[in-house]
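Each remark here refers to the structure printed beneath this line.
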Amino acid sequence: MSRPYVFQRWAAVGLYLAAIFFLSSLSSVAGTPSLPGSDKLLHALAYGLLAVLWCRALAAWPLQGRPSAAIAAAAVILASLYGISDEIHQAFVPARTAALWDWIADMIGSGCGAGAWALMQN
């Protein structure tokens, strides 16, 4: 795999992490649905995409050639760790809170995203 291709995959992860951090820094995010539980769905979708981006980057380097299940597991761990750091970050943002259920939604979403990626590799 060429070096620019690997860089693009890692750049996508970095930009997405920055976007999550930025949105978490806001006291409120305009346009988010107010239905009960809809924030959990948004968490799951956001972290599902994050896990897919992690999978693509890890598969390019440094885990190229490894089984897709191992890459997916690493992506879930990384996404879950970022999710907990994001919840801690939100505890310091006015009008935001750290929520265990948000982190659980992050983990579920990352598991679904990484699992879907792994299945598509086989």
Side-chain angles (χ1 to χ4, degrees):
M1 187 166 298
S2 69
R3 180 171 250 163
Y5 188 66
V6 172
F7 174 78
Q8 289 173 351
R9 289 185 176 197
W10 280 103
V13 171
L15 289 172
Y16 198 72
L17 292 173
I20 291 173
F21 184 85
F22 172 75
L23 291 172
S24 293
S25 298
L26 303 176
S27 293
S28 67
V29 180
T32 55
S34 59
L35 299 170
S38 62
D39 67 314
K40 304 305 178 261
L41 178 61
L42 292 175
H43 274 265
L45 291 172
Y47 278 80
L49 177 56
L50 176 59
V52 169
L53 292 174
W54 274 117
C55 286
R56 290 174 38 82
L58 291 167
W61 182 87
L63 300 180
Q64 70 274 17
R66 299 284 169 90
S68 56
I71 293 169
V76 169
I77 291 167
L78 291 168
S80 296
L81 289 172
Y82 193 75
I84 194 71
S85 73
D86 184 51
E87 290 305 316
I88 293 168
H89 167 232
Q90 287 181 31
F92 298 97
V93 176
R96 300 291 289 264
T97 59
L100 175 63
W101 288 109
D102 287 349
W103 183 52
I104 291 171
D106 297 344
M107 289 190 300
I108 291 169
S110 65
C112 292
W117 178 87
L119 287 174
M120 290 175 30
Q121 302 309 303
N122 298 326

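Small disclaimer: the values here were computed from a predicted structure and weren't measured. Counting from 1, the numbers follow the sequence of the chain as shown.
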Original post:
Would Met107 end up clustered with Ile88 when hydrophobic side chains under 4.5 Å apart are linked, directly or stepwise?
Top reply: yes
Original post:
So do the side chains of Val6 and Gln64 get within less than 4.5 Å of each other, counting heavy atoms only?
Top reply: no
Original post:
Distance-only, no hydrogens or angles: does the Tyr82 side chain make a donor-acceptor pair with backbone N or O of Leu17 under 3.5 Å?
Top reply: yes
Original post:
Any donor and acceptor pair, going by atom type alone, linking the side chain of Arg96 with main-chain N or O of Ser25 inside 3.5 Å?
Top reply: no
Subject >> Whether Glu87 side chain and Ala99 backbone form a donor-acceptor pair below 3.5 Å >> reply: yes
Original post:
Which is it for Leu78 and Leu58 under the side chain to side chain contact (heavy atoms under 4.5 Å, CB included) test, yes or no, and what are the steps along the way?
Top reply: CA-CA 11 Å; Leu78 291 168; Leu58 291 167; 3.9 Å; yes
Subject >> Min side-chain heavy-atom separation Tyr47-Asp86 under 4.5 Å >> reply: yes
Original post:
If Ile, Leu, Val, Met, Phe, Trp and Tyr residues are connected whenever their side-chain heavy atoms lie under 4.5 Å apart, and connections chain through other members, are Trp101 and Trp103 in the same group?
Top reply: yes
**OP:** Heavy atoms only: give me the nearest Ala114-Ala51 pair and the separation to one decimal.
**Re:** N-CB, 3.9 Å
Original post:
Linking I/L/V/M/F/W/Y whenever their side-chain heavy atoms sit closer than 4.5 Å, directly or via other members, would Leu53 and Leu45 fall into one cluster?
Top reply: no
**OP:** Might you point out which heavy atoms bring Cys55 and Ala72 nearest each other, and give the distance in Å?
**Re:** SG-CA, 3.8 Å
Subject >> Main-chain N/O of Ile77 paired with Trp54 side-chain donor or acceptor, under 3.5 Å >> reply: no
**OP:** Please report the closest heavy-atom contact between Ala98 and Ala91, naming both atoms and the distance.
**Re:** CB-CB, 4.0 Å
Original post:
Would you say Lys40 and Asp102 make side-chain contact, with heavy atoms under 4.5 Å?
Top reply: yes
Original post:
Say you draw a straight line from CD1 of Ile20 to CG of Asp106; how long is it, rounded to the nearest 0.5 Å?
Top reply: 8.0 Å
Original post:
When clusters are formed by joining ILVMFWY residues with side-chain heavy atoms under 4.5 Å apart, either directly or through shared neighbours, do Trp10 and Leu50 land in the same one?
Top reply: yes
Original post:
Any side-chain heavy atom of Ile104 within less than 4.5 Å of one from Ile108?
Top reply: yes
Subject >> Joint cluster assignment, Ile84 & Tyr16, ILVMFWY side-chain distance < 4.5 Å >> reply: no
**OP:** Can you see which heavy atom on Ala57 is nearest to which on Val13, and at what distance?
**Re:** CB-CG2, 3.8 Å
**OP:** Could you check if a side-chain atom of Ser24 sits within less than 4.5 angstrom of a side-chain atom of Phe21, using non-hydrogen atoms only?
**Re:** no
**OP:** Please confirm whether the backbone N or O of Arg9 pairs with a side-chain atom of Arg56, one donor and one acceptor, at under 3.5 Å?
**Re:** no
